[in-house]
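For ligands, and for the atoms within them, numbers begin at 1 and follow the listed sequence.
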Amino acid sequence: MTYRAQVEDIRFVFDHVAAFGQLRDTERYAETSEDLTDAVLEGMGKLCEEVIYPTQRNGDLTPAVLENGVVRSSPGFKDAFAAIAEGGWVAVSGPEAYGGMGLPISLTTAFNELMTSSNMALGLCPLLTQGQCEALEHHASEEIKSLYLPKLISGEWTGTMNLTEPGAGSDVGALTTRAEPNGDGTYAITGQKIFITWGDHDFGGNVCHLVLARLPDGVKGTKGISLFMVPKFIPDADGNLGPANDLKVVSLEHKMGIHGSPTAVMQFDGAKGWLVGEPHKGMAAMFTMMNNARLGVAAQGVGAAEGAYQKALDYAKERQQFGPIVNHADVRRMLLSMKADTFASRAIVMSCAVALDMAAATGAENWKARAALLTPIAKAFATDTGIDVAEQGVQVHGGMGFIEETGAAQFSRDVRITAIYEGTNGIQAMDLVGRKMMDGGEAANVLIDEIEADVEAARAAMPELAEPVWQACESLREAVEWLVSQTDMNTRFAGSVPFTRAFARVLGGYYHLKAAMAEGGEGARSKLARFYIRRLLPEHESLLTYAMAGADDLFAFSLDELEA
Ligand SMILES: Cc1cc2nc3c(=O)[nH]c(=O)nc-3n(C[C@H](O)[C@H](O)[C@H](O)COP(=O)(O)OP(=O)(O)OC[C@H]3O[C@@H](n4cnc5c(N)ncnc54)[C@H](O)[C@@H]3O)c2cc1C
C-alpha cells in the first residue's frame, strides 16, 4: 500500500466544517494565514508519507526491548524521531517564547492524526511531549519552564506522564507514590508507576517524567496529590545533562498492539523531583495534560481509521473474487461505512480542537464550555470509530486480514488501546453526562440550537438530508432534558455510553450536511453525506432509547445470578 497523507480532507474540514478560519480574526492566531496553514499541513504530510510511514511495520515486527536497564527502540524509530524534531514538528503549538511556533492546537491535532495513520507507536512520543509542554506552560515556575520547554519543544528531550499505579487506574486518587521534601526546595519521589508510555528510549537527550505523588501532608484522594518534574538525568541550570536520577525502568509490557511504543513499569527510589504548580494542586495541572492528551488520542482514532481505510480500499480494488471485490455490495457497505465514519470523527475532533483554540485565544466562557463538552465526545467516538473501522478493514481483507503479513491486523491491534487510555471511554461518557452537564444541559442545548439554525438554512436546498438531521437534534434535546432531570447519578451513568455515541452520531450528521452544502449538493461529499444520514445516523434512535432506560435492569441481577 502507498499511504496518502489525508491533508486535503483535513483542509476541507478546517475550511468548511470546523470554521478554522475564525482563528485568524483573533489576535493570538492572526498570523495563521491560509498559506501558512497549507505549508504546515503539506510539510507534515510529506514527512509522514516519506519518512514515518516506512517505519510503521518495524515497530510491530521488532518491538522495543529492555536491554541492561535501557530501552532499545524499534529499527528506524530513532532516525524518524530525529526527522520529526528537525522539522520542528514535535510541538508546533509550543509557546514562541520558548522556541515553539505558537500555532493553534488544531494543527497539532492534524499532526497527531497524520502521525497515527503512518506510525501510531512512534507518534505517541511527540504526543506525550506536547501534553507535557502544555502542562508546564500553564503551571510550572519560570525556572522550570526556561530549563525544560525549549528542549522539549525542539525534541532534544522527551516527556512522559506518570499517573497510573497498580492500585490506581481510573481511580487516580488512590495512588501511593510519595514525595518527601529534601530541604533544598527539591523532593524525593518514591513509588512505582505502571504503563508509562515511552518511559525510556535510545533517542539521546533526557526523558522528563511528570509524576503525580503525595506530599506528607497531602490528604487522601485527588485533593492531596501534587505534580513533580522528575528527569532521567539531572540537568544543570544551562540544561547540560548531569548525573542519572534514582529511577529505572523495571520492565516493558508485552502488549496487544503498539509494540514499537515502550510501555514501562517505572520505579522511583527517592528520585529528585521539582514541584510543578502549587502543592496539592497536582490534579489541576495534570488535567491540562490529560485534556490535551484526550484530544491527541481522539486524533489517533481518526488517524488509525484513515490508515485502515486506505489499506482496505487498495486491497478491495486488487482482490479478484467473482471480479474485483470492491464491486460487491457488502464490500461497498463496509468501505463506505468506514469512509463516512472517518469523516464524521475527523469533523468532530477538529471542531473540538478549534473550540479549544478559540477558548485559548479569546478566554471566552462559551468557547471553554464548547471545548469541554466536545472533548469526551471526540475522544470516545473517534477512538470507537478507529476500532470499528480497523476491524472492518480486517473483514474487507478476508482471510488475508487475519494474516499478519498484510498489516491490516496491525491497525486493529494498535488502535484498540485508544478506547482505554487517557480515561476509558466509559469514564469519558460519565464525564459528559456528569461534570459536563452540571450546567443543566446548557452547553449541550446551545450547540443543538446552533445546529438546528444551520440545518434550517440548509432545508430549502437539501430537504431530504436536512430533515432527518433536524429530527435527530430534537430527539437529542429530549434526551438531554431527561438526563439533567435525573438526580440519581447512577441513572445517568447507566446510559452514558450510548448517549455519548448518539450525540456523536447527530454531530456527524450535521457535519456531513455541512460538507454537502459546501459542495452545492453535487459530488462525492454529498453522496457520502447521503450515505451517512440515511444509513448510519438512524442508529441514534436506538442509542437514545438505551440511554434513557435507567439503571434498574443493570442492578437487578445479584452477583450469583451474573454467574448462573
Ligand atoms: C498501552 C498503555 C499505555 C498507557 N500509557 C499510560 C501513560 O503513559 N501514563 C499513565 O499514567 N497511564 C498510562 N496507561 C494507563 C491507562 O491510562 C489506564 O490503563 C486507564 O486509565 C484505565 O485504568 P486501569 O487499567 O486501571 O483500568 P480500571 O480503572 O481498573 O478499569 C477497568 C474497567 O472498569 C471501568 N471503571 C473503572 N472505574 C469506573 C467507574 N467509576 N465507573 C464505571 N466504570 C468504571 C473502566 O471503564 C474499565 O472498563 C496506559 C495503559 C496502557 C495499556
Check: Of all the atoms in ligand 1, which lie at a distance below 4.0 Å from a heavy atom belonging to K255?
Finding: 1 (C)
Next item on the list: Under 4.0 Å from a heavy atom of M161: give me the atoms of ligand 1 that qualify, with their elements.
Entry: 7 (C), 8 (O), 9 (N), 10 (C), 11 (O)
Notebook entry, point to check: Taking distance alone, with no angle check, do F195 and ligand 1 share an N/O pair under 3.5 Å?
Noted result: yes
Checklist line | T424, any N or O under 3.5 Å of ligand 1 N or O | finding: yes
Note to self: Within the 4.0 Å heavy-atom shell around I420, which atoms of ligand 1 are there?
What the structure shows: 20 (C)
Next item on the list: State whether any protein heavy atom lies less than 4.0 Å from atom 49 (O) of ligand 1.
Entry: no
Check: For ligand 1, is there an atom lying under 4.0 Å from some heavy atom of E253?
Finding: no
Next item on the list: Do me a favour and list the nearest non-hydrogen protein atom to atom 26 (O) of ligand 1 with residue, atom name and distance?
Entry: G169 CA, 3.1 Å
Next item on the list: Would you kindly say whether T500 and Q428 are connected by a side-chain donor-acceptor distance under 3.5 Å?
Entry: no
Notebook entry, point to check: Do E306 and Q310 have side-chain N/O donor and acceptor atoms under 3.5 Å apart?
Noted result: yes
Next item on the list: Determine whether more than 12 heavy atoms belonging to other residues, nucleotides or ligands lie under 6.0 Å from atom NZ of K255.
Entry: yes
Next item on the list: Go through ligand 1 atom by atom and flag the ones less than 4.0 Å from a non-hydrogen atom of L163.
Entry: 10 (C), 11 (O)
